[in-house]
Amino acid sequence: MEALMRVTDTLKSFRETRLSALRSPQEFFDFHRVSRPADMNTATQRITYNTRYFSGNYVLIIAALSVYAVISNFLLLFALLFLIGGFIAINKFAPEPVQMGEHTITQKHLYAGLFVIGFPLLWLASPVMTIFWLVGASGIIVLGHAALMEPGIESEYAQVQDTV
């Protein structure tokens, strides 16, 4: 129960901090502000400003790519559901040791069996490749958008406030 409260609190704080910074789709996809940066210094300044300014939108893009990566890799999805479902089932249905003939089966034995089956299944699903794909795809999309999008007029006011 306490873990559920922590998860709820974490989701609330995430929503308040990151998702409150969401910018409208019209602003995020404003094609009038797209231009090639003049040099690397300009690109770096744009990336620095835009990653802060559009942080909520970028978090949603990365979350959507993560969901896509897991759904498109059926074996990874199955392995994750197997492991998570196994943990839930063991905690819910087998809190006490069970006597089967001469053998006593404890939670420790069930967890060991879950790991013996689940981890090789997870390894075959190639989660490392999925993580590298996610990092690469997210990096290209986020850094590409941040470098090509010209900062709005509000960026000039942000620089004035920083110096005061």
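Throughout, residue positions are numbered sequentially from 1 according to the sequence presented.
- Of all the heavy atoms in R33 and E27, the pair that sits closest is NH1-CG, 3.9 Å.
- Between the side chains of D39 and T42, at least one donor-acceptor pair of N or O atoms lies under 3.5 Å.
- Heavy atoms of other residues, nucleotides or ligands lying less than 6.0 angstrom from CD of Q99 number more than 12.
- Taken from OG1 in T51 to CG in N57, the straight-line distance is 12.0 Å, to the nearest 0.5 Å.
- Residues meeting the side-chain contact (heavy atoms from CB on, under 4.5 Å) test with P97, sequence neighbours left out: T104, T106.
- Interatomic distance, CZ of R52 versus OG1 of T48, reported as 6.5 Å (0.5 Å rounding).
- The side-chain contact (heavy atoms from CB on, under 4.5 Å) search around L77 returns V70, L81, not counting sequence neighbours.
- Counting only residues at least two apart or in different chains, ring pair (Phe, Tyr, Trp, His ring centres under 6.0 Å) contacts with residues 81-108 comprise F87-Y111, F87-F115.
- For the atom pair CG (L122) and CZ (F78), the distance works out to 12.0 Å, reported to the nearest 0.5 Å.
- Aromatic ring pairs are classed by plane angle as parallel below 30°, tilted from 30° to 60° and perpendicular above 60°; the pair W133 and Y68 is tilted.
- Distance check: I90 CD1 to L114 CG gives 5.0 Å after rounding to the nearest 0.5 Å.
- When side chains are defined from C-beta on, L121 counts as touching L75, because their heavy atoms get closer than 4.5 Å.
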